[in-house]
Amino acid sequence: MSQVGTAAGWEPTIVAFCCNWCSYAGADLAGISRLAYPASLRIIRVPCSGRVNPHFVLRAFQRGADGVLVAGCHPGDCHYTTGNYFTRRRYLLMQRLLEYAGVNPGRFEVKWISGSEGPKFAQAAREITARVRALGPNREMRDEA
Amino acid sequence: MRRIGVFVCWCGANIGGKVNVPAVVEAARTFPNVVYAEDNKYTCSEPGQAAIRSKVTELKLDRVVVASCSPRMHELTFQKTVETVGVNPFLFEMANIREHCSWCTPDKAAATEKAIALVRTAVAKAVMNDPLQPFPIPVTPRALVIGGGIAGIQAALDVADTGIETVLVERDPSIGGVMAQLDKTFPTLDCSACILTPKMVDLARHPKVRLMSYAEVEEVKGFIGNFQVKVRRKARYVDLKNCKGCGDCAAVCPVKVPSEYEAGLGPRTAIYRPFPQAVPGAFTIDKAERPPCVRTCPAGVNAQGYVALVSQGKFKEALAVEKRQNPFPSICGRVCNHPCETECNRGQVDVPVSICAIKRFIADTVYADGSEEPVLPASAKDERVAVVGSGPAGLACAHSLALEGYPVTVFEALPKPGGMLRYGIPEYRLPKAVLDREIDQVRQLGVEIQTNAALGKDFSLTDLKARGYAAVFIATGAHKGQSMGVPGEDATGCVDGITFLRDVGLGKPMDLDGRVVVVGGGNTAVDAARSALRLGARDVIILYRRTRAEMPANSWEVDEAVHEGVKLHLLAAPVAVTVRNGRVAGLKCIRMELGEPDASGRRRPVPIAGSEFDLPAEYVVTAVSQSPDTGFADGVLELRRGGIIAANPVTLQTSVPGVFAGGDAVKGPATVVEAIADGNRAANAIGLYLRAEAPEASAAALADQPQTGKPFTIPKDVAKVPRAVMPTLELSRRRRNFTEVELGLDAEAAMAEAARCLNCGICCECRECERACEPKCIDHSMQDETETIEVGSIIVATGFKPMDPVAYGEYGYRRYPDVITSLEFERMCGASGPTSGQILRPSTGKPPHTVLFIQCVGSRDEGKRGHQYCSKTCCMYTAKHAELVMDRVPGATTYVCYMDVRTPGKGYEEFYRRTSEEYGARYIRGRVAKVQPNGDGLRVRVEDTLAGRPLDVQVDLVVLATAMEPQADSMDLARVLKVGYDADGFFTEAHPKLRPVETNTGGIFLAGTCQGPKDIPETVAQASAAAVKAVALLSKDKLLASPIVSYVNETLCAGDFFCQPICPYGAIEEKELAERIAGRPVTRKVASVNTGLCQGCGACTVACRSGAINLKGYTNEQLLAEVDAVCLK
Amino acid sequence: MTETVRLTGQGLEQLLGAAAGATGGLVAPVTEDGQVLFRPVREARRFDYINAVTPPKDFWFPQTERLFKFKTVPAVALEQAADPAQRVVFGVRPCDLKSLVILDAVMATGEFEDDYYAQQRSATTVIGVACTGAGPHCFCTAMGVTPGDEAGADLMLYPDGDGFLGRAVTGRGAALTAAHAGCFAAADPAAVAAAAAAARKLVPPLAGRLDVDGLRERFADNWDSHIWGEAAQRCLGCGLCTYLCPTCYCFGVSDEVRQGQGVRMRCWDSCMFSDFVRMAGGHNPRPGKLERVRQRFLHKLRYFPARHAELACTGCGRCVAKCPVGVHVPELIMLDREAR
Amino acid sequence: MKDNTAPLRDKARALLADKAACVIGHARDRDGLRARPHFAKDERGVGALILDATCHHNLAKYLLDYPYLEAKVGIVLKGCDALALERLVADRRVDRAKVVPIGAPCAGMADPVKLQALFPGGVTAVASGPDGFTVTTAAGRQPPAPRAGLLLERCQACHQATPPDTELLAEPVAAPTVGPAAEVARISALPPADRLSFWQGQFSRCIRCYACRNVCPACSCRECVFDQFQPNWLGRRTGLAQTQVFHLTRAFHVAGRCVDCGECDRVCPVGLPLSALNRKLLQDAGELFKLAEPWRPGTTEPLGTYKLDDPEEFM
């Protein structure tokens, strides 16, 4: 379990959109289980990963997020039955479009994390943070205004 | 400007230990729109809530942000708090700085920084929050309980007792569940049935309960208070109302399968009642999908049915079953190519059942003893039908029509009826006497057979019409032998196989002296060859251009031919008939080799250049192919290539209305059973035609019925039994005569052979039950029915299943008969069980002296084979089992191998103490490593971890305390219900402590072991709790629904309805909007949200490019504000 | 240093190099992906171009201009943007030079002086370069501008063989020549005048096809003409013409506030956008394409001249070249002619 | 395309005689080279209609200007334009019953820039065939010009030469496909850093005039998100990140819905290769979700449905 100190220079900002029923609960469980992960990952609660408009992802990058995670229930487990299947399609395309536009695909991720997968949530948080930290600050889409 | 108050919680040290709370408060004060911030030790406590209330009032706060734990924990708490002081609950916002911050961030500075960011984000969202009002939805005052185990029974009774209508859906024929299978219950050792069955009866009699047994929930639509549940009521085939439960039906049922209720330890019949106290008490017929033998038979003859009856010695009943689809069992029992045997599932165990031999046995036996019960034709009808051709197709058709009461005349061109049966199949395979007997039976039904009457020669189709025949069935067969197309075929001594066999059949005197070469590889060739041998040929050779494997003839016929001395000359083809003085002198042949596969999938024979050779012969029989002789068609009937008659494949009607055709005349050369199938089909079609049914209706009536019912799985532990051998005539007695070669099975052999049947269809549809049932409440044609019921609440009580311990190979379950599961043991203890309550070793049927119980089989196992969880009940029931052994088998020794003994329950520890201390059960702490047979018993190796040494224990019986598992299809049901389930497949409760019987889906509650392993008292308590929850919901007229729903900005909505297919609830509807454009009234379509259906997922919002559809509580504005705030460094 | 100068090719490079090295830097036409654009550059080379795809307007009237920053917490406080640094814009053609005269008339003359614009203007030294050829879409002379006009330039250059003849038109221009005296040689004023006169004689072909007799009078009484409908039905309603127009100056002011930190800025707007004059509450005085197209062209050819005595079109031809559906000033002039 | 002017005028006359409100087609622009959209409402208007290889405008979106019309509207549609009509119909923005689609089989359009370079004096008609272009000028018919020299770039990857479901003015023609558009493959093959700088270089030229959006038949919102102030999805501020978000969002909004008519490329005043974004999404949607590319009528919108076994390549 690695915890990166905040003193060690630049830390990325990761925005995580978590669906209320699975991934947000998974993040709660990670906390309840006292699983440490980098503090630079911050969660925005949405009812369903299907609520996450790709524009929100672009907005996060534009506002200087260095990485974005969209987390939802496992396919087949959506509280709303099918929301995450649409999420999957949207972000399969989005990921490729970002890459095509020159945004490093490592900055963006979709994960299926259930309410019982606290360790998986913590692991996902550590992984994306480590990856984005290695990529450095988002210079691809940051709005310098 | 907003007036936001921020309250940051220490949560004691939970937050305060990692987050610098005062720093967060300080930062919050600098956020725009924040007019006040403070910290509290425990914001959720009454003083904390009081602080919020007083500050809201004092400072006129219009929004409140609490930074504390997860909103999943306390959002509702604080929403209620602010509501009491006049702030709309949806103007409250929460920052999760505990689960998402202090608990997962060891570094204090980082945690503080993150907490500030999370509070900033919550404030940013709160700024954009709008007040929302829950809206009322009506409630259907009816509850549904899924599952009729003790949990479902208790829940249903509790709900119904409040006067609310309750529907209980149970998928098995009876309610009762696993508890009904138990003998005694711990720790009181009271009889399970004694406490359960009264409740079952109460339920059945309760005026407010509707019991839907043998039914399953297929689909759930709607939402809390308003569910529409589609229930499939499986066909019971027994009228529930009229069945008296007398059991006469089961007494005559010939099919035995393992009883589920007896955990496989005993059999039950296909028509059954799971146990005597079952509720409802009616019987049920268990049908699987059509068995492969029936499915494969072209005529759909119910092979399983007559085989099952033979196994019971019911021969005449078997014959009746046989004759439903096939009027010629003694013929088919001799000459059928029996594809049923090829498909027979028994072939996957050892060898297929000898169905054809059994069929012949039935007919021969019953005909011989004259016990056949005559079938009476239906009342006579007026329309006369002509059948042209008296082969199997024509006679089968005539037989069926005659049974329906139609006067039928059969026209036969040849001197005697039977067609190819008579003139194509030699006597040694099908004695003419056998043939005549079954043709006579057709005659006895009133069918007139006119012989020497050939269509096209002696009469025409027009004549038939003129003579008043309302319909005609043409089944003239394929009697034209094809020539080989080589020079010299017209020489004397060269004849085609059809003609040859016909001459044999007509009894023309023939003396074949010399060598006969039969060209071809089909059944005609083999029949000709074997006949030739019998006619005195010195030498008979079958010349075939491919290899033995490609020969289309029945392989057993080829075997017999070779056995009798016929020689096979393979991979050679004739090039010319050598003619000397106008007589055959031999064949000029060429050798072949196999090339690429052709259209038939067989490898194409290719001549080898220069390999010609001469084959001297006195006779040549060409049996290469045959075709229908349809010269009579005369341009009136449409023909296809090869002269076959064009007929609709379903109705068999030809191009002339009222004229039908079938058999070889339509199919080309095919089998007897296919011809019979066509005859039956034609009779059906003609009946429909004569009753002037619409063509579509008749097509539907005639089409092959789709396969329904549950699939059959071959049991794993079927013992191998050799197949019956058909006795045959000694070889020496086959020369120069046509005596029948196959001699038939005797009754003992036939019954033994019939007992090999696996009963793949379960119910064999012999319909003995129908005959036995006095109130006539059995209906084999019953269909599943679906019904949609409207309920306001659903209680899920689908229970568990015991784990199959076969994965634990070291315990030897299924390999050693004396290793059984705890549920099997439970049945063994039951007074009404398979051993009448005696504890016996399955291998010997004698009481065991030493019994060893292995606990935690599949439970508390981190490996792939089992479950991590504790199944909670096994420690106690194992103690109970040990006591039962020692009570019932005097002097018996018991061992219990355990990991820990867990006894948390009232009286549990005392019970365990008694078992170990008073009864003296020997508890060994350790996992069993191996169970091995040793001498008469089993040797169990276990490490005694307390003593620190391995032990070998010699025992007579091993009982495995298997884990409780969710039902195999629990996840499917979860998806139907849209409730969550955990990694093991148990349904998840809304909150493990505070909402243990609710699910995350409003209106759906959980009871019993579908939520997790638990014992009976706990299950019953949970069931009552779920009932109260349901009643609390259903006793309201209206519910307040969450205002978190989508809404449409109609100005923006372009009406493309991309949102519509995204919505899983069908909540997006079309609405016509009237507007004035340039003074002109116009309308346009916009989306409109049905708030009763919308569940607030918001997936629609993303489909809308212009953002016209938005989600209250999670608007685009709110989420963009959150993104902006959370990204701020 | 005299008012008239000669500049060799080498001298130009020296001059531009120096400008590029200064704080505000140098803006000059460059080719990117085949498109001629004014861009801040580190070095500039002379090359042949008729004109840039986009006007240099962005450098004195930026598409997005941050006016000032502000805070709302704990109390409202403003922070003015720093004054713009001195910079040189090189290679501006006479039509775009004329646009400065027009923009100045609106924003830097008389009662309402726009500080932000004025600051940008005074910080910018504009080096004009006379045309040596006309593109198929140019029609400046029809709008009263010639390819040799110097109005709007600080320093005007006329191509002369390898180098240029030039004249410092304004004090800023004179200051430039003075500051970089080493780059320039003195030139005979007569030679410069002759070069200017020669450049002024060039007539773009499209201008020759336009009948502009009585243009202002004609456009003063064609409000009800069917020509507006003709043109408007093709219009896509995009802002291409206004954003490419060197003289269009409409803008909107908005704030971006995040967490109490705000920026006030003004951004170009376009009268061709349907929401341009939409008011709070939804009323739109120019609801259709017809009204918007009419507004745009009447503004260029009638309202602006009425107030400022100048046509608000310099004939740069960008709208002619780029409007995907052929709605532009010459089109309207021709439509009007035909309608009479 | 053949010069179909004469049959078009006949058809237009017939339609107007049959009380059609208007026939939307093309006329020769005043520069004597290009065509421009033209709305024929009377005999004079019919006389100005032309239909040849200069008529590259996709007119379908003009149908949005006729939303509540009682009468029918005739409209000239090439293959790609006909898909645009289907797009608008599928988006329920145009009532197909009100439209009389006049189909113009098209063997490729002439590039006006190349045309101007070859015939600065203007043209009267340009016909295209499988072998090349036949240009007629005031001086008469010119010798045939080879295809490669004049063909509009977007027509090189033509996927729909003959307009489906229209009344054809001429015999169907084969698509003149030279090969698939190479731009997407070229950009995809760039190293990531170069890809970023490529797109940033392109986007830096964007002036946000929204011509690409306004011409796009898949962009038919009543009010575009980029024009909305509440919520402030983007705002009117310019800047590289803003422009990136604009173009990527727009590309995503037409993801898999694009009919690949290439009009965005044509109208862009600063030459952005916008269709390379849309084509990329079409290709990806096609590959990931196994769809026909480009969008075809009757197919489900790729983001409006799902399959249980959709790939999960990075989840």
Side-chain angles (χ1 to χ4, degrees), chain A residues 1 3-7 11 13 15 17 20-22 24-25 27-57 59-60 62-65 73 76-83 86-87 90 114-117 122 125, chain B residues 69-73 94 96 98-107 109-115 117-118 121 125 971 974-975 978-983 988 1000-1001 1044 1062-1065 1095-1104 1107 1111 1113-1114 1116 1119-1120 1122-1129:
Chain A
M1 215 155 287
Q3 169 59 32
V4 177
T6 48
E11 273 297 307
T13 301
V15 179
F17 294 95
N20 183 45
W21 306 101
C22 285
Y24 194 93
D28 277 359
L29 183 58
I32 293 165
S33 317
R34 306 301 197 276
L35 301 174
Y37 57 86
S40 45
L41 182 133
R42 281 141 205 200
I43 293 171
I44 292 177
R45 180 162 70 135
V46 287
C48 174
S49 63
R51 174 66 187 97
V52 184
N53 195 319
H55 197 112
F56 300 159
V57 175
R59 173 74 151 237
Q62 187 193 350
R63 292 293 190 243
C73 311
D77 292 358
C78 179
H79 178 77
Y80 304 103
T81 319
T82 55
F86 292 102
T87 308
R90 289 166 185 157
S114 79
S116 60
E117 292 177 325
Chain B
C69 49
S70 172
R72 293 164 58 84
M73 183 80 109
M94 206 156 169
N96 182 346
R98 192 178 76 172
E99 283 84 345
H100 290 187
C101 185
S102 69
W103 278 356
C104 57
T105 314
D107 182 88
T112 305
E113 193 193 337
K114 182 173 183 178
L118 294 178
T121 306
K125 185 180 183 197
M971 294 187 196
R975 284 176 193 138
K978 301 186 191 88
V979 302
Y981 52 88
D982 63 22
T988 40
N1000 263 329
T1001 301
I1044 309 281
I1062 309 282
C1063 179
Y1065 306 104
Q1095 297 291 293
C1097 70
C1100 54
T1101 62
V1102 184
C1104 185
L1111 179 63
Y1114 295 90
N1116 292 326
L1119 285 164
L1120 286 171
E1122 282 188 273
V1123 171
D1124 287 357
V1126 86
C1127 289
L1128 210 69
K1129 302 248 171 172

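Naming convention: chains lettered A, B, ... in sequence-line order (proteins, then strands); numbering from 1 in each chain.
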Cut-off 4.5 Å, heavy atoms of chain B, and the answer for A/A25 is both

Enter the distance from A/R42:CZ to B/L1128:CG here, rounded to the nearest 0.5 Å. 10.0 Å

Taking every heavy-atom pair that is under 4.5 Å apart, which of A/S40, A/A60, A/G64, A/S49 has the most such pairs with chain B? A/A60

Can you find a heavy atom in the side chain of B/V1102 that is under 4.5 Å from one in the side chain of A/P54? yes

Measure distances from A/L29 to the heavy atoms of chain B and classify the residue's part below 4.5 Å as side chain, backbone, both or neither. neither

Can you find a pair of side-chain heavy atoms, one from A/P47 and one from B/L1111, that are under 4.5 Å apart? yes

Of all of B/A1099, B/C1127, B/C1097, which one pairs up most often with chain A through heavy atoms under 4.5 Å apart? B/C1097

Tell me which of these, B/A974, B/G1096, B/A115, B/G1113, has more heavy-atom pairs under 4.5 Å with chain A than the rest. B/G1096

Can you tell me how far SG of B/C1063 sits from CZ of A/F86, rounded to the nearest 0.5 angstrom? 9.5 Å

Against chain B, label A/F17 side chain, backbone, both or neither, depending on which of its atoms sit under 4.5 Å from a heavy atom there. side chain

Is a side-chain donor-acceptor pair under 3.5 Å present for A/D28 with B/S70? yes

Give a yes or no on whether the backbone of B/Y1114 and the side-chain of A/R51 come within a donor-acceptor separation of less than 3.5 Å. yes

Drop me the distance from B/E1122's CD to A/I43's CD1, to the nearest 0.5 angstrom. 12.0 Å

Tell me, side chain or backbone of A/V15 under 4.5 Å from chain B's heavy atoms, or both, or neither? side chain

Between A/F56 and chain B, with a heavy-atom cut-off of 4.5 Å, which part of the residue counts as in contact: side chain, backbone, both or neither? both

A/D77 and B/Y981: side chain to side chain contact (heavy atoms under 4.5 Å, CB included), yes or no, with the steps? CA-CA 8 Å; A/D77 292 358; B/Y981 52 88; 2.6 Å; yes

Taking it one step at a time, do A/N53 and B/T1101 satisfy side chain to side chain contact (heavy atoms under 4.5 Å, CB included)? CA-CA 8 Å; A/N53 195 319; B/T1101 62; 5.8 Å; no

Please check this pair: side chain of B/K114 against backbone of A/L41, looking for a donor-acceptor N/O pair closer than 3.5 Å. yes

What option among B/D982, B/L1120, B/D1124 has the most heavy-atom pairs under 4.5 Å with chain A? B/D1124

Distance (rounded to the nearest 0.5 Å) between B/R975 CZ and A/C78 SG: 11.5 Å

Interatomic distance, CG@B/L1119 vs NE2@A/H55, rounded to 0.5 Å, equals 12.0 Å

Supply the atom-to-atom distance B/T121 OG1 to A/R45 CZ, rounded to the nearest 0.5 angstrom. 13.5 Å

Short side-chain to backbone donor-acceptor contact, B/R72 and A/N20, under 3.5 Å: yes

Taking B/I1044, B/V979, B/N1116 one by one, which has the highest count of heavy-atom pairs under 4.5 Å against chain A? B/N1116

Who wins among B/N96, B/L118, B/I1062, B/V1126 for the most heavy-atom pairs under 4.5 Å with chain A? B/I1062

